[in-house]
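Read through the structure below, which is laid out as structure tokens, and then see the notes.
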Amino acid sequence: MIRGPFISVIVGLAALLVFPPAAPAQMAQSQRTQANQARSPWKFNPTDRPVGDGGPAPKRDLTGTWAGPGSGFVPQFASQDEAPEKPSLTPMGQQLMSQNKPLRPYSPAGTNDPHVRYCDPFGVPQNMTSEIRGLQIATMPNRIIAMIQYMDVWREIWTDGRPLPTNVGGTGKDALDPRYNGYSVGHWEDDYTFVVDTTGLDDRTWVTAAGYPHTVNARVQERYTRVSRNDLKVTITVDDPKLYTKPFSLGTTRFRWVPNQQLDEWICPPSEVIEYLTTMGDPAGSDPAADAPGSRP
């Protein structure tokens, strides 16, 4: 029986290629049913939302549990938020991009997205732009820990003043191995904005679900701004000169404070993905029009 939340997401994305979205009346009924369920302190409830902005943001503090756009909170996006930019690829970037086949438009059977096919980690920066449901942040004396709900990912962001490494993926005894989440350092730009710089990323991952590639030496910058007590926004930019002609923005994502500070488990079990692909995804085949001009996002 295929029952995992990840499989529900994949099946839903595939279904959108064929069937129209659910009727608003059905969605409203589902929301009312959910709202009437008993509120357990052990479960995230998307209808239990903070009221207003909660007052001024505390200084130099991101600690807590936050709900993102995929949580059901539907954070309100402000008109001044930065929109994602379409990256401008170099010839090498175009070559690598042409080898990647994203879920849309290639379908589960035709994609070579390592996350869709094998549940491989998104890595930075995609784990902050795809499947953004919940985020927990904890502050330690020399680092900040970011715990991402989807796939139970945790990241270390060092705040002890160390520089980013320059020998990731190189040779020699001091060379470091690339990581899915790279190597991150952070600092407070002011009382409300925390800036994170990351490099040393495993180049098997994609920048976005559309298949944009990156090198090990790509530089990702995240700007976490505590807008108010109940509001947090994150803006991400990518700089990778070998593959892109200029830095580009992945846009701004907004988060809202979770009143009971609880998030549900949301993982991607490889066994369920294998079962889905074997019984449904692969037999359905890929879209023959996927390689047509203009079909890719």
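Just so it is clear, the structure is predicted and the values come from calculations on it, not from any experiment.
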Audit row: Asn127, Asn181, side chain to side chain donor-acceptor pair (under 3.5 Å) steps and yes/no: CA-CA 9 Å; Asn127 57 19; Asn181 292 319; 2.8 Å; yes
Please find the pair of heavy atoms, one from [X] and one from [Y], that lie closest to each other, and give the distance.
X      : Y      : answer
Gly64  : Trp66  : O-CD1, 3.5 Å
Gly281 : Pro108 : CA-CB, 4.3 Å
Ala290 : Pro105 : O-CG, 3.6 Å
Leu250 : Pro84  : O-CG, 3.6 Å
Leu62  : Ile137 : O-CB, 3.5 Å

Are [X] and [Y] linked by a side-chain donor-acceptor pair shorter than 3.5 Å?
X      : Y      : result
Thr139 : Thr63  : yes
Asn260 : Asp48  : no
Ser249 : Glu82  : yes
His187 : Thr159 : no
Thr90  : Thr245 : no
Thr237 : Gln221 : no

Within 6.0 Å of CZ in Arg60, more than 12 heavy atoms from elsewhere: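 Check passes, neighbour count above 12.
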Look at [X] together with [Y] and state whether they make a salt bridge at an N to O cut-off of under 4.0 Å.
X      : Y      : answer
Lys43  : Asp264 : yes
Asp231 : Arg256 : yes
Asp282 : Arg117 : yes

Pairs meeting criterion ring-ring contact (aromatic ring centres under 6.0 Å, His included) with involvement of residues 192-211, two or more places apart: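 Output for this query lists Trp188-Phe194.
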Hphob cluster co-occupancy, Val168 + Val124, side-chain heavy atoms under 4.5 angstrom: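 No.
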Hydrophobic cluster membership, Met97 vs Leu201, 4.5 Å side-chain cutoff: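 Same cluster.
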Of Asp203, Thr199, Asp240, the residue whose pairing with Thr215 passes side-chain hydrogen bond (donor to acceptor under 3.5 Å, both in side chains):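 So the option named by the test is Asp240.
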Min side-chain heavy-atom separation Leu135-Met128 under 4.5 Å: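 Leu135 reaches Met128 side chain to side chain.
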Geometric class of the His115/Tyr150 ring pair [parallel <30°, tilted 30-60°, perpendicular >60°]: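 Ring orientation, 0 to 90° scale: perpendicular.
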